[in-house]
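Single-structure report; data block below.
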4 protein chains.
Amino acid sequence: MPKKSLLDEMIAQTKLSKKQTDKQQKIVEAAVKMFASNGYANTSTSEIAKVAGVSEGTIFRHYGTKDNLLLAVILPFIKESLPSMAENVFKEVFLEDESFESFLRALIINRWHFLSDNKELFKVIVKELLYNENLKNELLPFFTENILKRLNKVIDYYKSRGELMDLPSEKVLKMMLTVIFGYFVSEFVLFPVASDEIKDKDFDTIVRFIMDGIRKETVEG
Amino acid sequence: MPKKSLLDEMIAQTKLSKKQTDKQQKIVEAAVKMFASNGYANTSTSEIAKVAGVSEGTIFRHYGTKDNLLLAVILPFIKESLPSMAENVFKEVFLEDESFESFLRALIINRWHFLSDNKELFKVIVKELLYNENLKNELLPFFTENILKRLNKVIDYYKSRGELMDLPSEKVLKMMLTVIFGYFVSEFVLFPVASDEIKDKDFDTIVRFIMDGIRKETVEG
Amino acid sequence: MPKKSLLDEMIAQTKLSKKQTDKQQKIVEAAVKMFASNGYANTSTSEIAKVAGVSEGTIFRHYGTKDNLLLAVILPFIKESLPSMAENVFKEVFLEDESFESFLRALIINRWHFLSDNKELFKVIVKELLYNENLKNELLPFFTENILKRLNKVIDYYKSRGELMDLPSEKVLKMMLTVIFGYFVSEFVLFPVASDEIKDKDFDTIVRFIMDGIRKETVEG
Amino acid sequence: MPKKSLLDEMIAQTKLSKKQTDKQQKIVEAAVKMFASNGYANTSTSEIAKVAGVSEGTIFRHYGTKDNLLLAVILPFIKESLPSMAENVFKEVFLEDESFESFLRALIINRWHFLSDNKELFKVIVKELLYNENLKNELLPFFTENILKRLNKVIDYYKSRGELMDLPSEKVLKMMLTVIFGYFVSEFVLFPVASDEIKDKDFDTIVRFIMDGIRKETVEG
DNA sequence: TATGAATGAGCCTTCATTCAT
DNA sequence: CATGAATGAAGGCTCATTCAT
């Protein structure tokens, strides 16, 4: 897909926080919005240029390829934010002396806010993850490396504390993530609502569901 | 999108099992495969024609529009199978004297087999559901009407029998479906595997997860 | 354009009044209407077939070519009707003992009725005469041969009787025909009106205009 | 038909004589020629591109639509030239102290030269006026507003001076225009000749015909 | 004879990309 | 750096025409 050199340069640039031009910022902003609402394939570079208030040439001067622009939109979000993010999240959220349930609730709320601040980007990533095999193959290992491993450890930890059931950690994790990710997709991609009200109840419901399922607790006599 | 007349005719044709030409079948087959693997937007009618061993004109003679071809691929699956399917599924799966857990397991296994027989189609639908707002708006009400309502009743029933916890049925349902649908998407769309081995263990895991969550059952003294 | 053989056969058929099939009649009817309102180039054979209630194949079985169908629509009207028509018209209209003015009025009224009965066909011919160089080159000589020559003689006759001014007959004729033809085109092609009321007044106006122009007759003292 | 914005821009561009690119000029030139000789419907954009020595994409970058290209060819001619033209023509041609006959002769000669300079364009307009209902409906009101009204006043004026006969002015005008327009169509569209020799005789003939018709002036004794 | 499925060339149009300015 | 005119490959679609039944 992308010419490695340009892409690397792009990433390097983001890494070093080299100042993105005003124009570059506008381009990326426009691209995010339009990719999110119409999908990558249905968004033309000329439209992006128009919305960004920039000439089409400028887009290609900076990103070389439409494909590259997509990566420029997604990768910094993933490759940059994800690792350091993971770090921070676990600092904020994983407190050894708390229960797994607390951890779970904190994690969900934390990520919910993060995605709520990055709705559009999340849409783009979800859509293209399904649509674009290349992207999938590029992103998933990254995700596994940075997130899954860490979460696995957490689960192991709580299992060792006897809070979680005895299934293999990956299975526990998979179930858990299916619910959380499914919830986010439904919330931000499939059935987004304008309002920004925080839905405490939903968080409780999810946490409770993950922890205890839907069976009525039988009152033991 | 589609000219109603042609589309209706297409559906009518499917309904009555009027003989689809040999060529029509090949076209739809090719389309399903290619839409599934590359996505609708990245599949050209000329490629479909080539793969189907048919002239491009033939595609348009039968379906009028590429859009229509997509619908011709998806809608019969949805609009035709779904209602009668729902009927049958519930007959096979919902036995009043069984527990909810049994019902749930039966449902999951039943649908797993169905999707396993229609992997490609399922891929297409999931991908386009995210990518194509029109399609989403056309399919979702249908799904709600035929499936959700019915499931809601089932849940109400088991709630009245005291097997399920006291959350509003829609919330119970939403959680449940998130897991099941998430599992299917992961299984057939995101991380498909060639092998067709039935995964009993997974079914058990899911059922158990939905019913009881991941918390270690504390042994009550 | 047309394969001579088929075309000749068509004409021969018309000539001999060999029975046109029911279907053929419907095809030609539909074609005339649609060529008239949308033009030849904007009318597809499939539309004609649909309107005629006939399969597309049938059109080509009979006419071989869309081009041929156009000719089948126009030529019989021209090549058949025109000569015999001319004959009759002049019999009806040209009475040696009448004035040129009477002849002129009779001619205009006669042709007006004829075209009024064949509006659609006239539209087709006028439109395609401009649009289709081949057709023009085929039809004009025919017209010259059958109509112009005869009219020229009539004008010569009346000139010899001192009723018409001394310009070369062709010029007189050209002026005269420009008005008449222009009137018919405006009446039937450019600004057709639904109503079929005969417009006596217009006929008078035209005749008067052709004969005497628009200058106020100065009363000679 | 056209996206208003692009079209307006095109017209604005013409209005301000903003520099049409070299390529644009070539495109329009080629289009005029080919539309004139083959008609709009029989001219493909790829042929135009070839003749203009331009890529097909360039045509659509500038005109967006084949339809628009037609309008870009015709409308500036009509909407721009016509009003200011009308103004100038009447200044040059209508001198109050001259006779109607002088006015008529001057008008015909003036317009003849104009059309002689714009033969191809005139062909295109006449052909498409018959073929394209939309265009007709767009152009005619314009013509009425700018030309007919003015001519009507002129005729009223000369009628009041007793030079013209007492028919309603519109009828006088209609007759007159039928002859003039018919003459131009015959001259430039139906039977164009290569030579550019000015045909004084014809002008005289027409003027004389319009003024006095074809009847031999009877010498009153 | 009539049908209508099939064809494939050609049409208009879009769009990512290049490059001279 | 930015521009925007130019490109041309590719796309969806139309349509006259053919041919097996």
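Naming convention: chains lettered A, B, ... in sequence-line order (proteins, then strands); numbering from 1 in each chain.
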Closest approach of B:Leu71 to B:Pro76 (non-hydrogen atoms, all atoms of both residues): O-CD, 3.3 Å

Under 3.5 Å on both distances, the Watson-Crick or G-U partner of E:dT14: F:dA9

To the nearest angstrom, the CZ-P distance between B:Phe60 and E:dG10 comes to 18 Å

Quick check for you: among F:dA5, E:dT13, E:dA6, whose closest atom lies nearest to any side-chain atom of D:Lys66? E:dT13

Please state whether the phosphate of F:dG12, meaning OP1 or OP2, lies under 4.0 angstrom from any side-chain nitrogen or oxygen of B:Thr45. yes

On the six-membered ring of C:Phe122, is C:Lys127 placed so that its NZ or CZ lies under 6.0 angstrom from the centre and within 45° of the ring axis? no

Using a cut-off of strictly less than 4.0 Å, decide whether A:His62 has a side-chain nitrogen or oxygen near OP1 or OP2 of F:dC1. no

Going through the distances and angles, do D:Glu133 and D:Lys136 end up as a salt bridge (Lys or Arg N to Asp or Glu O under 4.0 Å)? CA-CA 5 Å; D:Glu133 207 71 6; D:Lys136 193 176 90 181; 3.3 Å; yes

What integer distance in Å separates C:Gln24:CD from E:dT1:P? 10 Å

Can you tell me if the side-chain N/O atoms of D:Arg61 get under 4.0 Å from OP1 or OP2 in F:dA5? yes

Heavy-atom pair with the smallest gap, counting every atom of C:Thr43 and C:Ile48: CG2-CG1, 3.6 Å

What nucleic acid atoms does A:Ser44 come within less than 4.0 Å of, heavy atoms only: base, sugar-phosphate, or nothing? sugar-phosphate

Residue pair D:Tyr40/C:Ile59 against DNA chain E: nearer the 5' end by closest nucleotide is C:Ile59

Which base, if any, makes a Watson-Crick or G-U wobble pair with F:dA20, both distances under 3.5 Å? E:dT3

Give a yes/no on whether any side-chain N or O of B:Ser55 is located under 4.0 angstrom from OP1 or OP2 of E:dT7. yes

Nearest to the side chain of A:Lys23, heavy atoms from C-beta on, is which of E:dT7, E:dC12, F:dT3? F:dT3

By nearest heavy atom, map D:Gly57 and B:Val54 onto DNA chain E; which one lands nearer the 5' end? B:Val54

C:Asp22 atom CG is separated from E:dT1 atom P, nearest whole Å, by 15 Å

Whole Å only: how far is the CG atom of B:Asn42 from the P atom of F:dA10? 15 Å

Hey, are the side chains of D:Leu75 and D:Leu139 touching, using non-hydrogen atoms and a 4.5 Å cut-off? yes

